[in-house]
Amino acid sequence: MASSWNEIRDRAFKFSKEWEGEESESAEAKSFLDAFFNVFGVSRRSVATFETRAKKIDGKDGYIDLLWPGVLLIEQKSRGKDLDRAHQQAKDYFPGIPDRNLPRYILVSDFSRFRLYDLETGATNEFTLPNLHQNIKLFGFMAGYQTQPLTPQDPANIRAAEHMGRLHDLLKAAGYAGHELEVYLVRLLFCLFAEDTSIFERNQFRDYLEQKTAGDGHDLGLHIGALFHTLNTPEDKRQTTLDEHLSAFPYVNGKLFEETLPPASFDAKMRQMLLEGCALDWSRISPAIFGSLFQSVMDPQRRRDIGAHYTSEQNILKLIKPLFLDALWEEFHKVKSQKKALIEFHKKIGKLRFLDPACGCGNFLVIAYRELRLLELEILRTLYKARFATRFLNIKGELWVDVDQFFGIELEEFPAQIAQVALWLTDHQMNMRVSEEFGQYFRRLPLEKSPYIVHGNALRLDWKSIIEPKQLSYILGNPPFGGAKFLDAEQKRDVELVFNGGRNAGLLDYVTCWYRKAVEYMAKYPAIRAAFVSTNSITQGEQAGVLWPDLFSRGAVINFGHRTFQWDSEARGKAAVHCVIIGFALQEEKDKVIYDYDTPKSEPHARKAARINPYLVDGPNVVLVNRENPLCAAPDIGIGNKPIDGGYYLFTPEGREEFLKKEPQAKNWFRRWIGADEFLNGYERWLLWLGDCPPNELRKMPEAMKRVEAVKKFRLASKSAPTRKLAETPTRFHVENIPSSKYLVIPEVSSERRVYIPIGFMSPKTVSSNLLKVLPHATPYHFGVLSSAMHMAWVRAVCGRLESRYRYSATLVYNNFPWPEPMAKQAKAIEAAARKVLEAREKFPGATLADLYDPLSMPPALLKAHHALDRAVDAAYGRARFKTEADRVAFLFQRYARLVSPLVQ
């Protein structure tokens, strides 16, 4: 058991007095260092050796004064000697020390001065012998109090995970696989972590392996099996004849070592791999992300992208802060000056219960638990801030937050096991923080309480069997993102069961099932709060119109929301995932908050909202429906042409020229072809349009006839019956929309980087593809409104997305758009401003629309013209200006609500 800081400080003071002023020589170094180790409650003989032989950098043999493998190297000199030289001498030994034994710290001393080097951080601290008692916390790594600042980006996380992955591969290749291997690795993970964080004695696990097992590894599995059994056996139940090294290990409990596993067989390489794993500093490992990394190395396909799959702490905090953490800290600050109220608040956080029904490796639960423990630590600091009070404080009795407040459901067994261990490891890390804060070593061994993590399908389990709703405080997590079109048969069955075969449920992403299950679970228990990370598609397009009316009918309300942002992922070849976070409940919060992002990669900025609708907008609780005709007086919109021709009617300029050399009579039947890409980027393509070609002329063009025959064969080969039917008329298209006069086009997909979606007029001689929306009877007025900031705000709020790009929909976006009702003068102003936009474009004849509307290259003259157009359109809506785009969207939803239901205000 580690000593308290007060005890260490007293011993340090006594040590300084005993050795101060002594005419000490290097011959007395061993006694000096033994006494120095005793100050920190460590038996030097149990961890470190004197005069360790090592090959120096010059190739000669040397002897290290003291080496604690993997931890500390000490070079001791006579009083008054040069400490810089001693430091260099210590570093000269490094080439002769095995990698796994290289120390993190170097201490050089001349009996009266100490200089400690932290090779990890680069920090150097020097003090004199009389001041040792003031510097004892520098040696927390000796006393068992060392805490590490944990950062997800720390390379140690990835190195450790990769190392475990290699050990996994060796064991699996030897035939040790499946459930047994997964449990075995989780236990090894615990042991590795335990010896670097004072659950075990420092290097206790490594020393046991090195001293008790043969170099060829043949008996390693038997010894590890014996260790696992020992860790599961209370000290008073162990055999009296048990090996003293095994007997020194503590009783762990918690059912972690309960299951009997078949012994694993090791060889020399595997033994070496495990010992090298022991040499890593596991105190630096973050349980919050290590589980995800650990899981990824088990999958060879995911291993190449290790580090890209974990959920960042920053993103987890985006959910838990508005869900509960911000409110708890606010309450703490209100009561911290009132002792009785603060104690009641402390009791309250000790009774909170959390459920993650798709917990994976426990990331959200781990961070939630850590943050709750940090809040508890602040409570204890406030209650016992007087230094003298801590001398009489039983810290164990004051810690009321524990892992048994956390519940989870996970489909896969291995992540479920990791989640449980990760919470225990986090608990111990926080116990070390408490120990350091109050100077009392505290660890929870044996493990008396456990998180309740269930292995099963959350969509088919009754959540009440995990924890009764009346006991639960919060539901949180990051359920699977699977898109509706990509679900396997079992997942589709899950959706069908959860939504009871509801209308259009087949359109919903997989994540929506957790929303429905959560709302049903919360019924009659409105105090429960919930929040999930989700694909942004559930707040856009068709899905919003299917999901949210169902949830609202069951009493759900949205209390906070993060609008679309990019989920952290640096995986090679992986598309970025764009997400939202939605906080919901059956009880409305007084203070609602929307977190908006200027771009999906930017930081959020919070703003208060009166209400939050399914599009995460401060506006009426309306849901857009697919509307076949425009809501307002506006031109009808349609899609462009869809040939289904196998590409036989489409030509590049070069291909067209080659074709015309063979078939010059076809010249009059070629027309410009334009899709979204051609429209935006200025590419030239041509269409051989034979739909209006008289049969007598067509038969005179043999090359054209070959194309018609090829299209017919292509259609007949289709698996689709309607396409095969089209083979009867091979010169016609599946969809034909060829206006006879000038028309307006809108690209179906456009980059989210653009402030304005580029739209434009086309000549009737140009045929548009189905990747463009077509407005045959549009005027400059319609061009102006559709090019305005008002329409763009509407698009961004309600359109579906392809990744994060805008996906313009006729039935949802255009037909539901609440157009203004301008007076004649206002309509003319919009037309005039629209023409100025078109004129500004014409000033740059060599630029494509992609060039003109890139926010970094957009010409000032064009931007100025758009701003003037925006003012004209705003005026037609009866507003001089809007402060933010959020104001625009709220205004438009209010107008939409009035249009669809005049009684809605």
Side-chain angles (χ1 to χ4, degrees), residues 357-358 457-460 478-520 532-554 556 558 561 563-564 567 575 577-582 584 612-617 621-629 631 637 639 642 720 722 735 748-749 770-771 773 794-817 893 896 900:
N457 184 343
L459 300 182
R460 303 195 187 186
N478 177 19
F481 284 174
K485 296 180 181 178
F486 304 102
L487 303 184
D488 61 30
E490 278 297 297
Q491 291 170 328
K492 288 179 180 177
R493 179 61 178 155
D494 286 339
V495 176
E496 185 180 350
L497 290 171
V498 169
F499 285 94
N500 297 318
R503 184 181 177 189
N504 293 325
L507 297 173
L508 296 173
D509 286 354
Y510 201 40
V511 68
T512 60
C513 296
W514 276 262
Y515 281 83
R516 172 68 176 266
K517 288 275 288 188
V519 169
E520 289 179 343
F532 290 136
V533 180
S534 314
T535 43
N536 60 359
S537 53
I538 73 167
T539 63
Q540 302 164 350
E542 288 183 305
Q543 289 200 58
V546 177
L547 174 65
W548 292 102
D550 177 87
L551 299 183
F552 291 157
S553 71
R554 299 169 193 279
I558 300 174
R563 303 196 71 201
T564 297
W567 197 249
V577 180
H578 292 83
C579 301
V580 293
I581 297 173
I582 301 176
F584 60 102
I612 303 175
N613 73 15
Y615 305 93
L616 301 186
V617 168
N621 227 5
V622 294
V623 177
L624 304 185
V625 297
N626 282 312
R627 192 177 296 276
E628 294 303 317
N629 300 297
L631 175 65
I637 188 171
I639 66 169
K642 190 173 184 180
S720 167
V735 175
E748 185 174 279
V749 177
N770 62 304
L771 298 180
K773 303 301 182 190
W794 180 257
V795 171
R796 278 187 279 270
V798 305
C799 77
R801 302 277 177 137
L802 184 62
E803 296 160 1
S804 62
R805 291 174 289 165
Y806 308 134
R807 192 165 200 166
Y808 198 91
S809 162
T811 56
L812 272 172
V813 179
Y814 180 84
N815 286 345
N816 281 305
F817 178 59
F893 268 103
Y896 173 84
V900 297

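Excluded from the calculations below are hydrogen atoms, water molecules and symmetry mates; all remaining heavy atoms, backbone and side chain alike, are included.
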> Can you name the residues that form a salt bridge (Lys or Arg N to Asp or Glu O under 4.0 Å) with Arg807, not counting sequence neighbours?
Replying inline: none
>> Between Glu496 and Lys492, does any side-chain N to carboxylate O distance fall below 4.0 Å?
In response: no
>> Using the ring pair (Phe, Tyr, Trp, His ring centres under 6.0 Å) criterion, which residues pair with Tyr615? Sequence neighbours excluded.
In response: Phe893
>> Please enumerate all residues that pass ring pair (Phe, Tyr, Trp, His ring centres under 6.0 Å) together with Tyr814, with sequence neighbours excluded.
In response: none
> What are the two closest non-hydrogen atoms of Phe486 and Gln491, and how far apart are they?
Replying inline: O-OE1, 4.4 Å
> Could you go step by step and tell me if Leu624 and Phe817 meet the side-chain contact (heavy atoms from CB on, under 4.5 Å) rule?
Replying inline: CA-CA 10 Å; Leu624 304 185; Phe817 178 59; over 6 Å; no
> Is it true that a side-chain atom of Asn816 and a backbone atom of Thr811 form a donor plus acceptor pair closer than 3.5 Å?
Replying inline: yes
> To the nearest 0.5 Å, what is the distance between CG (Asp550) and CZ (Arg503)?
Replying inline: 13.0 Å
> Can you name the residues that form a ring pair (Phe, Tyr, Trp, His ring centres under 6.0 Å) with Phe481, not counting sequence neighbours?
Replying inline: none
>> For Tyr896 versus Val625, what's the shortest heavy-atom pair and its separation?
In response: OH-N, 4.4 Å
> Taking atom types as modelled, is there a side-chain donor on Asn626 or Glu542 under 3.5 Å from an acceptor on the other?
Replying inline: yes
>> Which heavy atom of Val519 sits nearest to which heavy atom of Ala556, and what is that distance?
In response: CG2-CB, 4.0 Å
>> Among Val495, Val546, Leu547, exactly one meets side-chain contact (heavy atoms from CB on, under 4.5 Å) together with Leu507. Which residue is that?
In response: Val546
> With Glu490, which residues qualify under salt bridge (Lys or Arg N to Asp or Glu O under 4.0 Å), at least two apart?
Replying inline: Arg460
> Using the ring of each side chain (for Trp, its six-membered ring), is Phe532 parallel, tilted or perpendicular to Phe584, with breaks at 30° and 60°?
Replying inline: tilted
> What distance separates Phe552 CZ from Asn621 CG, expressed to the nearest 0.5 Å?
Replying inline: 4.0 Å
>> Side chains of Phe499 and Thr512, heavy atoms from C-beta outward: is any pair under 4.5 Å?
In response: yes
> Passes side-chain contact (heavy atoms from CB on, under 4.5 Å), Val735 versus Asn770? Steps please.
Replying inline: CA-CA 8 Å; Val735 175; Asn770 62 304; 6.0 Å; no
> Looking only at heavy atoms, which two atoms of Trp548 and Ile538 are closest? And how far apart?
Replying inline: NE1-O, 3.0 Å
>> Looking at every heavy atom in both Pro479 and Ala358, which two are closest together, and how far apart are they?
In response: CA-CB, 3.8 Å
> In Å and rounded to the nearest 0.5 Å, what is the CZ to CG distance from Arg493 to Asp488?
Replying inline: 13.5 Å
> OH/Tyr515 to CG/Leu551 distance, rounded to the nearest 0.5 angstrom?
Replying inline: 9.0 Å
>> Suppose we screen for salt bridge (Lys or Arg N to Asp or Glu O under 4.0 Å). Which residues come up paired with Glu748, at least two apart in sequence or across chains?
In response: Lys773
> Rounded to the nearest 0.5 Å, how far does CG of Leu508 lie from CG of Leu487?
Replying inline: 10.0 Å
>> Applying side-chain contact (heavy atoms from CB on, under 4.5 Å) to Ile582 and Ile558, what does each step give before you reach the verdict?
In response: CA-CA 7 Å; Ile582 301 176; Ile558 300 174; 3.9 Å; yes
>> How close do Gly483 and Asp509 get, counting heavy atoms only, and between which atoms?
In response: CA-OD1, 3.4 Å
>> What verdict does the side-chain contact (heavy atoms from CB on, under 4.5 Å) test give for Leu497 and Leu459, after you've listed the backbone C-alpha separation in whole Å, the side-chain angles of each residue and the deciding distance to 0.1 Å?
In response: CA-CA 8 Å; Leu497 290 171; Leu459 300 182; over 6 Å; no
